[in-house]
Amino acid sequence: MAWTLPADLLDALLALAQRSQQALQAALHAVGWLPDVHGQPAWPWVQRLAAEVLAQEPQLARQATALLACVLGLGVLALLALRWRWARWALAPALLVVALTAPWPALALLQAPAVPTSWHRSPTGFTVQSITQGAHIYQQQCVRCHGADGKGEGPDAAGLPMWPPTLNGSLLWKRLEGELFWRVRHGMQSAAGVQTMPAFADLADEQVWQVLDYLQAHAAGQLLRDTGAWAQPVRMPQARVHCRHTGATSVRQLQGQRLRVVLGGGVAALPPDDPRLLTLWVPAQAVAAGDPADRAECTVQEPDALPVLAWVLGQAVDGDQGLQGAQGAQMLADRNGWLRARALPGQGGWSEDDLVCRAAGPANAAPTRPAASTPPAADGLEALIRRMDAEPVRLRRGGFPH
Ligand code: HEC
């Protein structure tokens, strides 16, 4: 019978693979053997361990676990051999058995091509500002091939050796962010060596990270529009806020609380307070701090936040028309800062169906039944919050937990 690796074990395995590579890199960098590239330590090899295949091929995940167990077992035996004679005798046959029976082919499949920035992390923090800057760069540098909507049908696309891919699906999340960075900065080539995407050597490192932030925000919105779901978790973008009671000054400081993000509309349109949620208002125009009509606990202080959130919702932003579509929409962010649910403008009340970012995996296929002792939910919002809290989401990039 096929045995599938439990999800938790797979997660642990992936985290181990990732951490050990990063720790190796950090150690080599600490002793001065690795230079910095683009502001962070360089990965010195042309290969790295792959995670995508592990997550997709249960067979391979089993083999990798077996291999790891063999290596650990041999390690323990080697340690014992330092002290006890019997272990010394056992070591050679054990090595032979492992060498003959271990699933070595799995090793080759576990490798993926790497670049010096493979493990680089974006320094931007996914802020309203970086996404907005990224949008400008995209308009100037990328639209001609990738198209305003990111589908790869820009005016120059037809004349290229290959069509640019759509950037709106899950593609961006299938890659490590450091590898996307490298491709934009240094261009791409086909297997035959033909340049398929130009290098953008004139962009500053920070600008490349910014354009990637924009692509991610935009792709999340397009996915939501096309499939009705945020198949990949999206963070509530960071922004400066003003909070009346807590004195918090940034979205980051609100982490740990559930947020109800209210887009646009007037002060009068703000929903009544609810003890289960902290209201974060994103006004269309700047609001004077201390406006007596402003009932929101926190108000975003950046005028660019509204268009940014409109992208994340999949609403067009050119002209007033687009922003109109986002005005009055609401989103819920969970305690970890992930955007989880949205309500369209004019929608009355919340229900479980508004949960558009769900936990992947088995929990998704069979939603956990509430225990018999749990009292029935008082309203749709209660049911939604329970599910959101019970099914935390996890971001993966290039298959690795992020
Ligand atoms: C001259 C046309 C052209 C321009 C300009 C261009 N691209 Fe591309 N881009 C392509 C093509 C073609 C591919 C597919 C290349 C391949 O798969 O070999 C691509 C692929 C990509 C990918 C997918 C990479 C992957 O991992 O598969 C990303 C992300 C991307 N481009 C981002 C950008 C960004 C950001 C800009 C602007 C700074 C940009 N591109 C400008 C043509 C272009």
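Heads up: numbering here begins at 1 and tracks the sequence. Excluded from the calculations below are hydrogen atoms, water molecules and symmetry mates; all remaining heavy atoms, backbone and side chain alike, are included. We count ligands from 1, going down the list as the structure has it; atoms in each ligand are counted the same way.
Looking at ligand 1, you'll find an N or O of Arg183 within less than 3.5 Å of one of its N or O atoms. For Arg175, a nitrogen or oxygen atom sits less than 3.5 Å from a nitrogen or oxygen atom of ligand 1, counting backbone and side chain alike.
A donor-acceptor pair shorter than 3.5 Å can be found between the side chains of Asp354 and Gln347. Gln222 and Arg225 share a donor-acceptor pair across their side chains, judged by distance under 3.5 Å alone. There is no side-chain donor-acceptor pair under 3.5 Å between Asp149 and His218. Between Ser122 and Glu177, the side chains place no donor N or O within less than 3.5 Å of an acceptor N or O (distance only, hydrogens not considered). Using a 3.5 Å distance cut-off with no hydrogens or angles, the side chains of Arg144 and Gln139 do not pair a donor with an acceptor.
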For Glu391 and Arg340, what are the C-alpha separation, side-chain angles and deciding distance, and is it a salt bridge (Lys or Arg N to Asp or Glu O under 4.0 Å)?
-> CA-CA 11 Å; Glu391 297 173 19; Arg340 300 295 300 272; 5.2 Å; no
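Note that Arg396 lies outside the cation-pi zone of Trp173, set by a 6.0 Å cut-off to the ring centre and a 45° limit from the axis.
Residue side and main chain included, Met197 places an N/O/S atom under 2.8 Å of atom 8 (Fe) of ligand 1.
Counting all heavy atoms, side chain and backbone alike, Asn168 lies closest to Leu223 at O-CG, 3.4 Å. Here the closest heavy-atom approach between residue Glu297 and residue Thr246 is recorded as OE2-N, 3.5 Å.
Considering only non-hydrogen protein atoms, atom 24 (C) of ligand 1 sits nearest to Met188 SD, 3.7 Å. Counting protein heavy atoms only, atom 23 (C) of ligand 1 is closest to Leu171 CD2, 3.8 Å. Scanning all protein heavy atoms for the shortest distance to atom 14 (C) of ligand 1 gives Pro165 CD, 3.5 Å. The single protein non-hydrogen atom nearest to atom 5 (C) of ligand 1 is Gln141 O, 3.3 Å, given as residue, atom name and distance. Nearest protein neighbour of atom 38 (C) of ligand 1, counting heavy atoms only, is Cys142 SG, 2.7 Å.
Comparing Thr196, Leu176, Val208, Leu203 against atom 15 (C) of ligand 1, the shortest heavy-atom distance belongs to Thr196. Among Phe200, Tyr214, Phe181, the residue whose heavy atom lies closest to atom 41 (C) of ligand 1 is Phe200. Proximity annotation for atom 1 (C) of ligand 1: of Gly187, Pro161, Cys145, Pro164, Cys145 comes nearest, heavy atoms only.
Counting heavy atoms closer than 4.0 Å to ligand 1, residue Leu212 contributes nothing at all. Under 4.0 Å from ligand 1, the heavy atoms of Leu160 that appear belong solely to its side chain. In Pro198, the part holding a heavy atom less than 4.0 Å from any atom of ligand 1 is the side chain. Looking at Leu167 against ligand 1, only its side chain comes within 4.0 Å, counting heavy atoms.
Not a single heavy atom of Ser190 sits under 4.0 Å from any atom of ligand 1. Ligand 1 has Val211 within reach: a non-hydrogen atom of the residue lies less than 4.0 Å from it.
For ligand 1, the atoms sitting less than 4.0 Å from at least one non-hydrogen atom of Leu180 are 26 (O), 29 (C), numbered in the order shown with element in parentheses. Remark: ligand 1 atoms within the under-4.0 Å shell around heavy atoms of Arg144 are 1 (C), 5 (C). For ligand 1, the atoms lying closer than 4.0 Å to a non-hydrogen atom of Met162 are 12 (C), 15 (C), 16 (C), 17 (O), 18 (O).
The minimum distance between atom 8 (Fe) of ligand 1 and any N, O or S atom of His146 involves atom NE2.
For the side-chain contact (heavy atoms from CB on, under 4.5 Å) test with Val128, the passing option among Gln301, Gln238, Glu302, Arg240 is Glu302; the others fail. The ring pair (Phe, Tyr, Trp, His ring centres under 6.0 Å) test with Tyr138 singles out one residue from Phe200, Tyr214, Trp311, and that residue is Tyr214.
With salt bridges taken as basic N to acidic carboxylate O contacts below 4.0 Å, none links Glu179 and Lys174.
Formation of a donor-acceptor pair under 3.5 Å by the Gln21 side chain with backbone atoms of Leu49 is found in this model.
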